Amino acid sequence: MSAVLLVEDEQHLAEGLRFNLELEGYDVAIASDGESALALLQAEPLRFDVVALDVMLPGINGFEVATELRARGQFVPILMLTARNHPDDVLLGFEAGADDYLPKPFELRILLARLGGLLRRRAWLAQTSQQTNVMSESEKPPASYTFADKTVDFTALELRTPQRTIKLTVMEADLLRFLFKYEGKPVSRKTMLEEVWGLHEDTDTRAIDNFIVRLRKYFEDDPAKPKHLLTVRGVGYRFVRQPEE
Ligand code: CA
């Protein structure tokens, strides 16, 4: 059974969601503000498989909760519940370390799909190096990827450079895996949103740019002059494994 921490101050909404999530087989706990959510996650860091985090909360907001969790080294997947009329929330959420977002008000089936998606991706990432996997060696997605003097470990969700080790969110790891798969080829923002995020509706593609800025900070020697993660004007981005000097 997967455990969800629902961080939501509107009691009616929280109780309604709990009822429906429990019907779907989830184990659900509710925190009515950010402070108690952080306390709960500190006391039992491994209890929850996913956090559904409202942005608008009475004390510290959802962005601050996500930022604090990531700063502590807690990488539980976060689904940010944003306000539909605040598109900037999406960017702020990703910057704070959210893995996905859902504008309010939302339909229950969409919430379930997003939570399920995050849980599946996490399980899949954790499985990639297990020998019990039914896929043959050649079919398996690689458990790690090395370029220049950097390595992305998809099992540990880490990016290692000679200087430091960076913890990755599920979404950052997914995006890297996608870019590595299309190594050398330009990929559009729209393709990235569809293939990495599973978003087909009309979504603000600036969310992608925000991720790219973060990834460049992680592994480019000079993020302002990237050598691996290049902008392709009018198209999107291109990952280069071995830049020409
Ligand atoms: Ca709220």
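Just so it is clear, the structure is predicted and the values come from calculations on it, not from any experiment. Numbering starts at 1 and runs along the sequence shown.
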- Would you list the pairs meeting ring pair (Phe, Tyr, Trp, His ring centres under 6.0 Å) in which at least one residue belongs to residues 48-77, sequence neighbours left out? none
- Gap separating the CG atom of Leu92 from the CE atom of Met80, nearest 0.5 angstrom: 8.5 Å
- Given side chain to side chain contact (heavy atoms under 4.5 Å, CB included), test Tyr237 with Leu215 step by step and report yes or no. CA-CA 12 Å; Tyr237 295 99; Leu215 293 178; over 6 Å; no
- Would you call Leu176 and Phe219 a side-chain contact if the rule is heavy atoms closer than 4.5 Å? yes
- Pairs satisfying ring pair (Phe, Tyr, Trp, His ring centres under 6.0 Å), at least one member in residues 168-194, at least two apart: Tyr145-Phe180, Phe147-Phe180, Phe178-Tyr182, Phe180-Phe239
- Query: Is Glu8 reaching over with its side chain to a backbone N or O of Glu10, donor-acceptor style, under 3.5 angstrom?
  - Reply: yes
- Task: Give the C-alpha distance, both sets of side-chain angles, the deciding distance and a yes or no for side chain to side chain contact (heavy atoms under 4.5 Å, CB included) between Ile212 and Arg216.
- Result: CA-CA 6 Å; Ile212 298 292; Arg216 281 177 177 157; 3.7 Å; yes
- Task: Please step through salt bridge (charged side-chain N to carboxylate O under 4.0 Å, His left out) for the pair Lys227 and Asp221, ending with a clear verdict.
- Result: CA-CA 8 Å; Lys227 289 189 166 155; Asp221 295 331; 5.8 Å; no
- If you round to the nearest 0.5 Å, how far is CG of Leu81 from CG of Leu53? 7.0 Å
- Residue pairs passing the salt bridge (Lys or Arg N to Asp or Glu O under 4.0 Å) test with at least one member in residues 45-71, sequence neighbours excluded, are Glu44-Arg47, Asp49-Arg122, Asp54-Lys104, Glu68-Arg72, Arg70-Asp99
- Item | Distance in Å, Leu57 CG paired with Ser36 OG, rounded so as to fall on 0.5 Å steps | 9.0 Å
- Measure the spacing between CZ of Phe211 and CG of Leu229 and express it to the nearest 0.5 Å. 12.5 Å
- Task: Answer whether the closest heavy-atom distance between the side chains of Leu17 and Leu108 falls below 4.5 Å.
- Result: yes
- Once you round to the nearest 0.5 Å, how far does CG of Leu13 lie from CZ of Arg18? 12.5 Å
- Report the C-alpha separation of Asn20 and Leu111 in whole Å, then their side-chain angles, then the decisive distance to 0.1 Å, and conclude whether the side chain to side chain contact (heavy atoms under 4.5 Å, CB included) test is met. CA-CA 11 Å; Asn20 282 291; Leu111 174 71; over 6 Å; no
- Item | Which atom of Ile30 lies closest to which atom of Ala14, heavy atoms considered | CD1-O, 3.6 Å
- Between Glu24 (side chain) and Leu112 (backbone), is there a donor-acceptor pair under 3.5 Å? no
- Under 6.0 Å from the CD atom of Glu15, do we count more than 12 heavy atoms belonging to anything else shown? yes
- Task: Report yes if some heavy atom in the side chain of Asp149 is under 4.5 Å from a heavy atom in the side chain of Thr161; otherwise report no.
- Result: no
- Query: Would a distance-only check, ignoring hydrogens and angles, find a side-chain to backbone donor-acceptor pair under 3.5 Å from Glu220 to His228?
  - Reply: yes
- Task: Walk me through it: do Phe106 and Arg114 pass the test side chain to side chain contact (heavy atoms under 4.5 Å, CB included)?
- Result: CA-CA 11 Å; Phe106 49 78; Arg114 294 293 173 82; over 6 Å; no
- Is Leu6 close to Tyr26 at the side-chain level, that is, under 4.5 Å between some pair of heavy atoms? no
- Query: Would a hydrophobic clustering, with Ile, Leu, Val, Met, Phe, Trp and Tyr connected at side-chain separations under 4.5 Å, put Leu168 with Val213?
  - Reply: no
- Once you round to the nearest 0.5 Å, how far does CD of Glu107 lie from CG of Leu102? 10.0 Å
- Least distance between heavy atoms, Ile78 atom then Gly97 atom: CD1-O, 4.4 Å
- Message: Between Lys167 and Ala156 (side chain of the first, backbone of the second, donor and acceptor by atom type, cut-off under 3.5 Å), is there such a pair?
- Response: yes
